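In this chain, residues are counted from 1 in sequence order. Nothing here was measured: the structure is a model prediction, and the numbers come from that model.
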Amino acid sequence: MFACHNSDTSINPTESYLHDLQLYKYYPVGNFSLKELESICMQRIEVLLFVERIYIGTGIRRTAQQCKEILINELKKKGYDIFVKIINGPRKELGSDVKVMNEILYLRKQDHISHFMLRGVFSIYERKWFHIQELRLFYWRLYTSTNEEIKEFFNVNKLKTHNISEEDKEELQEYIQLNNLHNEPFYKVPFTFVIDLVETHKVFLKYGMAFVPEKELAGLCFGYFKENLAEGLESMPLVANDAVNDPRINKIFNMLTEYINKEKDIIKKNYVPSLSELDDMSKKSYPLCMRIIHEMLRKDHHLKYGERKQYSLFLKDIGVTSDDAMELWKQEFTKKINEATFEREYGYRLRHIYGEGNIRKTYTCLKCSSIINLNIKSTESYGCPFKHLTNASLTQKLNEYEFVLEDIEDIVKLSSMKNYEGACKRYHEITHNCNIYGTFNSPVNYFFGSRMKL
C-alpha cells in the first residue's frame with residue numbers, strides 16, 4: 001500500500017528515449033541538420049501557438065482530452081504529421097513492433113530536440129510565454145495517458161520520493177479510512193511539488209510533506225515536470241548565449257523570434273473579449289488602474305469624463321468591439337438615467353472614441369508615462385493609483401484584494417519611492433505568481449502580457 005522510490009537520475013535517457021513523454025532533463029547530443037532543426041522548431045512554435053489559442057478560446061472549460069483532440073485536428077489541417085504522432089504518442093500511433101521502433105525513437109528525438117531549441121530561444125526572450133505553453137501541452141498529453149503509461153513515466157524517469165516511515169503510516173490511516181483509499185500506494189514528496197493537488201485537497205499533508213495516493217500519480221508527475229522545466233529555464237540562458245555565437249544557430253534563433261513576434265501581434269489583433277468575460281478579466285488581467293475604474297463603473301453605474309476616456313480607450317485597444325462597449329456603458333448608465341438621456345449626453349462621445357460618425361481620428365490607450373503625469377483632482381479616481389492614491393488608500397485597496405501583508409508593504413514602498421512602474425510590475429508578479437524582467441509601458445501591454453500567462 002505504501003511506495004517509496006529513491007534513485008538518482010545519472011543515466012541519460014536520450015540514449016534510448018524510453019517513453020513517449022519526456023522530462024526534457026538532459027541536453028540533446030548528436031548531429032542534426034540545420035534544415036531539420038529549422039523545420040521542427042517552426043512546427044513546434046506553431047504547436048505552442050495553437051495551444052495558446054485553444055486555451056484562450058474556452059480551453060479552461062474543456063478537458064485535457066477535448067483540448068488535445070482540437071490540437072490534433074488543427075495540426076492535421078497544417079499537415080504537421082510529425083507532431084500529430086508526437087502528441088498522440090508515437091507508440092500509440094505506430095504500435096510497438098520492433099520494425100517501427102526506430103521511427104518511434106526518431107519522433108521522440110525530434111520532440112526532445114525541438115523543445116530544447118525553443119527553450120534556448122525563450123530562456124532569453126519571452127520565457128514565461130514558452131513556459132506556460134509547454135506546461136499546458138505536457139498537461140494535455142499526460143492527462144490523456146493511461147494509468148499504466150503514467151506509472152511507466154514515473155518509473156523510467158526514476159522520480160524521487162521520500163521513504164514513508166512507520167509513524168507516517170500510522171498517521172495516514174485515518175486519511176485512508178475517510179477517503180476510502182485502502183490498498184492504495186502513497187508517495188511522499190515536498191508539498192511544493194504538488195501545489196495543484198494541495199489546492200484541490202487531493203493529498204495528505206504533514207510537516208510540509210505531501211502524501212500522494214497513486215490515483216493522483218499524474219499530478220505528481222506534472223509537479224516534477226513543472227519543477228524541472230522551471231529549473232531548466234533558469235540555467236538555460238548561459239547555454240543559449242553560447243549557442244547564438246554560432247552563426248548557424250543564431251540564424252535559427254532570429255528566425256524564431258521574428259516569427260513569434262509576428263504571430264503574437266496577430267493574436268492581439270484577433271482577440272475579442274466578450275462582455276461576459278470582463279468582470280473576471282478585470283481581476284486577473286487588468287492593471288490596477290483599469291481594475292479600479294471597472295469596479296467603479298459596476299458599483300456607481302457612472303464614470304466621470306476622465307475615467308470614461310481612460311477606460312474606453314483601454315477597452316478599445318484590448319479588442320472590445322464598439323457595439324459591445326456601447327452595450328456595457330448603456331447597461332450601467334441606464335441604471336441611473338433613461339436611454340434617451342444616455343444617448344444624448346454620452347453615446348456620441350463614446351462612439352467618437354472608436355472613430356465612428358464623421359470624425360475619423362484614431363485614438364489609442366494612453367501610455368503609462370502619460371497616465372502617471374495626468375493632473376488628477378482629489379475627487380477623481382483615474383490616472384495611476386500607485387501615484388495618486390495615498391499609502392493608506394492603496395493599502396486598503398490591496399487588502400480588499402486579499403494581498404498578504406508582506407506583498408502590500410512591497411508595493412506601497414515602491415509607490416512611496418515614486419517607482420510607480422516598479423509598483424505596477426510587483427502587482428503583476430503577485431497576481432500572476434511569476435517574476436518578470438521589465439516594466440510595462442501601457443495598460444494594454446499589461447493586459448496582453450497577462451493573457452499570455454493565463
- Heavy-atom donor-acceptor pair, R119 side chain to Y24 backbone, under 3.5 Å: yes

- Note on the structure: NZ (K316) and OG (S322) are apart, to the nearest 0.5 Å, by 10.0 Å

- Only counting residues at least two apart or in another chain, list the ones meeting side chain to side chain donor-acceptor pair (under 3.5 Å) with E36. Y106, Q110

- Task: Look up atom CG in L374 and atom CD1 in I376, then write down how far apart they are to the nearest 0.5 Å.
- Result: 4.5 Å

- Query: To the nearest 0.5 Å, how far apart are CG in L197 and CG in L220?
  - Reply: 7.5 Å

- Message: Test side-chain hydrogen bond (donor to acceptor under 3.5 Å, both in side chains) on S274 and E277; report intermediate values, then the result.
- Response: CA-CA 5 Å; S274 67; E277 294 179 289; 3.2 Å; yes

- Message: Under a 3.5 Å distance rule, please check whether E216 uses its side chain to pair with a backbone N or O of P213 as donor and acceptor.
- Response: no

- Query: Should the heavy atoms of other residues, nucleotides or ligands under 6.0 Å from OH of Y401 be counted, would the total exceed 12?
  - Reply: yes

- Query: Do the charged groups of K284 and D280 touch, with an N to O distance under 4.0 Å?
  - Reply: yes

- Message: Ring centroids only, cut at 6.0 angstrom: are F116 and Y27 within range, meaning strictly under it?
- Response: yes

- Query: How about K336: does its NZ atom have over 12 heavy atoms from other parts shown lying under 6.0 Å from it?
  - Reply: yes

- Item | Y420 ring center near F386 ring center (under 6.0 Å) | no

- Query: Side chains of I371 and K367: does their closest heavy-atom pair fall under 4.5 Å?
  - Reply: no

- Item | Side-chain ion pair, K330 and E327, N-O less than 4.0 Å | no

- Query: Between Y427 and Y446, do the side chains contain an N or O donor and an N or O acceptor separated by less than 3.5 Å?
  - Reply: no

- Query: Just wondering, more than 12 heavy atoms not from E400 lying within 6.0 Å of its CD?
  - Reply: yes

- Query: Would you say the side-chain atoms of E52 and W129 include a donor-acceptor pair closer than 3.5 Å?
  - Reply: yes

- Task: Looking only at non-hydrogen atoms, find the nearest pair between L21 and S145 and report the distance.
- Result: CD1-OG, 3.8 Å

- Task: Without swapping roles, check the side chain of N73 against the backbone of E69 for a donor-acceptor pair under 3.5 Å.
- Result: yes

- Do NZ/NE/NH1/NH2 and the carboxylate oxygens of D111 and R44 come within less than 4.0 Å? yes

- Item | F50 side, atom CZ; L71 side, atom CG - distance, nearest 0.5 Å | 8.0 Å

- Message: With no hydrogens and no angle check, just 3.5 Å: does a side-chain donor-acceptor pair link Y346 and R351?
- Response: no

- Any side-chain heavy atom of L398 sitting closer than 4.5 Å to one from I411? yes

- Item | Pair N391-S415, side-chain donor/acceptor within less than 3.5 Å | no

- Message: Around atom NZ of K35, are there more than 12 heavy atoms from other residues, nucleotides or ligands closer than 6.0 Å?
- Response: no

- Message: If you define the side chain from C-beta out and look only at heavy atoms, does anything of L366 sit under 4.5 Å from S442?
- Response: no

- Message: Does any part of the side chain of L205, heavy atoms only, come nearer than 4.5 Å to the side chain of V203, both counted from C-beta?
- Response: yes

- Considering residues, nucleotides and ligands other than K309, do more than 12 of their heavy atoms fall under 6.0 Å from its NZ? no

- Task: Give a yes or no on whether the backbone of C365 and the side-chain of D317 come within a donor-acceptor separation of less than 3.5 Å.
- Result: yes

- Ring geometry between Y17 and H112 (parallel below 30°, tilted from 30 to 60°, perpendicular above 60°): perpendicular

- Message: Using a 6.0 Å cut-off, check whether atom CD of E339 has over 12 heavy atoms from anything other than its own residue.
- Response: no

- Query: Between the main-chain N or O of V320 and the side-chain N or O of D324, is there a donor-acceptor pair closer than 3.5 Å?
  - Reply: no

- Distance-only side-chain donor-acceptor flag, K188 / T161, under 3.5 Å: no

- Would you say F191 has more than 12 foreign heavy atoms packed within less than 6.0 Å of its CZ? no

- Message: For Y143, is there any backbone N or O sitting under 3.5 Å from a side-chain donor or acceptor partner on K68?
- Response: no

- Query: Got a salt bridge between D20 and R108, using NZ or NE/NH1/NH2 to carboxylate O under 4.0 Å?
  - Reply: yes

- Message: Is there a side-chain contact between C221 and L217 in this structure, where contact means two heavy atoms from C-beta onward sitting under 4.5 Å apart?
- Response: yes

- Query: Roughly how far apart are M296 CE and I292 CD1, rounded to 0.5 Å?
  - Reply: 9.0 Å

- Query: Can you check whether L389's main-chain N or O pairs, donor with acceptor, with S393's side chain at less than 3.5 Å?
  - Reply: no

- Geometric class of the F138/F225 ring pair [parallel <30°, tilted 30-60°, perpendicular >60°]: parallel

- Message: Using 30° and 60° as the class boundaries, would you call the ring planes of F333 and W329 parallel, tilted or perpendicular?
- Response: perpendicular

- Message: Any salt bridge linking K397 with E295? Criterion: basic side-chain nitrogen under 4.0 Å from a carboxylate oxygen.
- Response: yes

- Message: For the backbone of T63 and the side chain of Q66, can you confirm whether one donor and one acceptor N or O come within less than 3.5 Å of each other?
- Response: yes

- Note on the structure: On a heavy-atom basis, the closest approach of G383 and Q310 is N-OE1, 2.9 Å

- Message: Between the side chains of K413 and E409, is the shortest nitrogen-to-carboxylate-oxygen separation below 4.0 Å, so that they form an ion pair?
- Response: no

- Item | Non-hydrogen side-chain atoms of F193 and E227 separated by less than 4.5 Å | yes

- Message: Go through it in stages, so that I can follow the logic: the residues are K92 and E149, the test is side-chain contact (heavy atoms from CB on, under 4.5 Å), and I'd like the CA-CA distance, side-chain angles, deciding distance and then a yes or no.
- Response: CA-CA 11 Å; K92 290 179 184 175; E149 288 166 339; 2.9 Å; yes

- Message: When you compare the side chain of M209 with that of P190, does any pair of heavy atoms fall below 4.5 Å?
- Response: yes

- Candidate pair V194 and F222, rule side-chain contact (heavy atoms from CB on, under 4.5 Å), full reasoning: CA-CA 8 Å; V194 287; F222 184 70; over 6 Å; no

- Message: In this structure, is the centre-to-centre distance between the rings of F130 and H115 below 6.0 Å?
- Response: yes

- Between L297 and L303, which heavy-atom pair has the shortest distance, and what is it? N-CD2, 3.9 Å

- Task: Would you indicate whether K202, at its atom NZ, is surrounded by more than 12 heavy atoms from other residues, nucleotides or ligands within a distance under 6.0 Å?
- Result: no

- Indicate whether the side chain of H428 and that of S450 have a donor and an acceptor atom separated by less than 3.5 Å. no

- Message: Is it the case that the side chains of T341 and N338 hold a donor-acceptor pair, with the cut-off being a distance below 3.5 Å and no angle test?
- Response: yes

- Would you mind checking if K76 and D81 are paired as a salt bridge, meaning a charged N to carboxylate O distance below 4.0 Å? no

- What do the steps show when you test Y286 against L278 for side-chain contact (heavy atoms from CB on, under 4.5 Å), and what is the final call? CA-CA 9 Å; Y286 278 22; L278 292 185; 3.5 Å; yes

- Task: Might you work through the side-chain contact (heavy atoms from CB on, under 4.5 Å) test for D279 and R298, ending with a clear yes or no?
- Result: CA-CA 9 Å; D279 288 336; R298 290 302 199 195; 2.9 Å; yes

- Item | Heavy-atom closest contact (Y139 atom, A64 atom, distance) | CE2-CB, 4.2 Å

- Message: Would you say that L181 contacts Y175 through its side chain, given a criterion of any heavy-atom pair below 4.5 Å between the two side chains?
- Response: yes

- First locate atom CD1 of I87, then atom CG of L107, and finally report the distance between them rounded to the nearest 0.5 Å. 11.5 Å

